[in-house]
Amino acid sequence: MTPEPPRAPAVPARHGTGAVGASAPRPAPRPAPSARQADKPVLAVVGATGTLGTVMLRILSQRADIWGEIRLLASPRSAGRKLTVRGEETEVAEIDEAALTGVDVALFCVPDEVAREWAPVAAARGAVAVDNSAAFRTDPEVPLVVPEVNAHTARVRPRGILASPGCATLTMIVAMGALHAEFGLRELVLSSYHAVSGAGRGGVETLREQLALVAGTELGTNPGDVRRVVGEGTGPFPEPVALNVVPWAGTFLEDGWSSEEAGLREETRKVLGLPQLPIAVTCVRVPVVTAHSLTVHAGFENEVTVDRAREILATAPGVVLCDEPAAGEFPTPADVVGTDPSWVGRVRRALDDPAALDFFVCADNLRKGGALNAVQIAELVVTDGVRTAPGPGHHAG
C-alpha cells in the first residue's frame, strides 16, 4: 500500500562542514564497494540492535534494494554483533564520527538523548539524519515528515535533520491527511489505544509476565485482585495492564496531560500544516502486544458523505479500508500486526453534525508507526523530487 521507491536514485546533495572539530578521527579503512554498491547511496542504521532497529532491518530487506553499503551502528555494548540485512550478515560497529563519514542518509532508532548527540554529528559529516525519536519533532528547523501527506517539507532541512512522528500520530495521520485534502479539517477528537510494544521490550515482557500470572484464574472479578497478584511487576506502566486498560501513556506534563497526548496533538498540527487546529486527545494503554488503534471524530469545513469518504480512503496510498460492520468486518490489532498500511473501518457520519466523520483506525506501531515511515523518508531523500540542498541557514548543531 505504500509507494514503491525508485530503483536507481541519485545520491543526495551534501551539506554541512564535513567535520565536527579539529581533532575529528580519521575514518577506519573500509572494503571497496562492490559494483552493485558503487553508484548507490550509503545508508547508516543507528540503533540497529534495538526493537525498532530490528524491524527496520527487516523492512530494508523487504523493500526495493536502492542502497549501496548499509552500515549498522550501535552503542559500544552492542558493537561486534552480527545481524542480517538484505540476506547478508553484517557486523555492528560502534557509533562514532568515523563511522558516520561518507554516509548519505543516517536512520536513527535510538532514545532522545542519543539522537540529540549524534544526529547533528551525522549532519555535520554530510549525511541527512532521519530521526525516529521525539528529540527534534517540535523543532521549527526540522521538518516532521510523512511521505504520503507532506513529502514536500523534506526539501528544505536547515539543520540537515528530518524527524518522523510518533507511533500514535502515524497510525492515523495518513488517513486523516487524505480526508483533510478533500474536506478541510477544522477539529479533531481522538482516543488512542496504545499497544505495550510502544514502551519497548520492557513493555512486552511485562504484559507477557502478567498474562502468565492471571491465565486460568478467576482474577478480574473483585476489586484489586489483579493488582495484588501482579504486585510490583508493573514494569514501565503505572498500573497492571493484563486484564486492564490504563488511561495513561508517556510522562506527566502540566495540568494533567501526558507527553503522548501532547505529542499526538502537536505532531498532527505540524504534519497537516494547521498550527491552530483544535484537538482533544486521551491516550490509553491496552493489553495488546503490537498495533496501536485510535477512534477519530473529525469535523470538517465542508459537508461530508460516507460514500465519498470511503472512496477517498479506499484509494489513498498507505491506507486499507476494511469497513463492513454488518458482516463483522473491521480492522483490529490482531489482524493488522506485521502489515504496513493504516487500516480504517467503522466509517460513519456524525449523528449531530453533517460535516463530521467518526471512524476507527489501527496500524502496526513498529512498522508504519515507526521503522517504515523513517525508511520511506530516507527513500524520499534520495529521489530527485527532494534532493535539494538545505537552506542558507544550515548549521550543524
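Remember, it's a predicted structure, so these values are computed and weren't measured experimentally.
- Listed here is the closest heavy atom pair of Gly177 and Leu272: CA-CD2, 3.9 Å.
- More than 12 heavy-atom neighbours from other residues, nucleotides or ligands sit within 6.0 angstrom of CD on Glu113.
- A salt bridge does not link Glu205 to Arg208: none of the charged side-chain nitrogens sits closer than 4.0 Å to a carboxylate oxygen.
- For Asp225 (side chain) and Gly220 (main-chain N/O), a donor-acceptor pair under 3.5 Å exists by modelled atom type.
- A donor-acceptor pair under 3.5 Å links the side-chain atoms of Arg349 to the main chain of Val304, judged by distance alone.
- The residues Asp353 and Arg186 are annotated as salt-bridged, a charged nitrogen and a carboxylate oxygen being separated by less than 4.0 angstrom.
- Here the shortest heavy-atom pairing between Val142 and Lys270 reads O-NZ, 2.8 Å.
- Between Pro120 and Phe136, the shortest heavy-atom distance links the atoms CD-CZ, 4.1 Å.
- Between the side chain of Glu267 and the backbone N or O of Thr169, no donor-acceptor pair lies under 3.5 Å.
- Linking Ile, Leu, Val, Met, Phe, Trp and Tyr residues whenever their side-chain heavy atoms come within less than 4.5 Å leaves Val245 and Leu243 in two separate clusters.
- At least one side-chain heavy atom of His194 sits under 4.5 Å from a side-chain heavy atom of Cys283.
- Judged purely by distance below 3.5 Å, without hydrogens or angles, the side chains of Thr305 and Asp307 never pair a donor atom with an acceptor atom.
- Note: the hydrophobic cluster containing Met172 also contains Phe300 (ILVMFWY, side chain heavy atoms under 4.5 Å, direct or indirect links).
- Remark: side-chain polar atoms of Arg137 are paired, donor with acceptor, to backbone N or O of Ser133 under 3.5 angstrom.
- Checking Asp340, Asn373, Thr339 one by one against Lys368, the side chain to side chain donor-acceptor pair (under 3.5 Å) holds for a single residue, Asn373.
- Between Arg285 and Ala249 the shortest heavy-atom distance is NH2-CB, 3.8 Å.
- In Arg346, the CZ atom is not crowded: 12 or fewer heavy atoms of neighbouring residues, nucleotides or ligands sit closer than 6.0 Å.
- We find that Arg348 and Asp358 are not joined by a salt bridge, their nearest charged nitrogen and carboxylate oxygen being 4.0 Å or further apart.
- Across every non-hydrogen atom of Asn302 and Ala355, the tightest pair is O-CB, 3.5 Å.
- Although no hydrogens or angles enter the test, the distance criterion places a donor-acceptor pair under 3.5 Å between the side chain of Thr383 and the main chain of Leu380.
- Side-chain contact check for Leu60 versus Trp67: some heavy-atom pair is nearer than 4.5 Å.
- Closest non-hydrogen pair, Glu239 versus Thr234, comes out as C-CG2, 3.9 Å.
- Val241 and Val288 fall into different hydrophobic clusters, where Ile, Leu, Val, Met, Phe, Trp and Tyr residues are linked whenever their side-chain heavy atoms come under 4.5 Å apart, directly or through other members.
- Judged by distance alone, the side chain of Gln210 and the main-chain N or O of Gly233 form a donor-acceptor pair under 3.5 Å.
- Counting heavy atoms from C-beta outward, Pro165 and Ile173 have side chains that stay 4.5 Å or more apart.
- Each of Ile279, Leu185, Val281 was compared with Thr268 under the side-chain contact (heavy atoms from CB on, under 4.5 Å) criterion, and only Ile279 meets it.
- Salt bridge annotation for Glu303-Arg308: absent, with no cationic side-chain nitrogen under 4.0 angstrom from a carboxylate oxygen.
- Taking the side chain as every heavy atom from C-beta outward, Met176 and Leu188 approach each other to under 4.5 Å.
- Leu277 and Val189 are members of different hydrophobic clusters when ILVMFWY side chains are connected at heavy-atom separations under 4.5 Å.
- Remark: the backbone N or O of Leu294 is not paired with any side-chain donor or acceptor of Ser192 at under 3.5 angstrom.
- Between Arg201 and Val204, the closest side-chain pair of non-hydrogen atoms is not below 4.5 Å.
- In the hydrophobic clustering of this structure, Val246 groups with Phe252; members are Ile, Leu, Val, Met, Phe, Trp, Tyr whose side-chain heavy atoms approach within less than 4.5 Å, directly or through other members.
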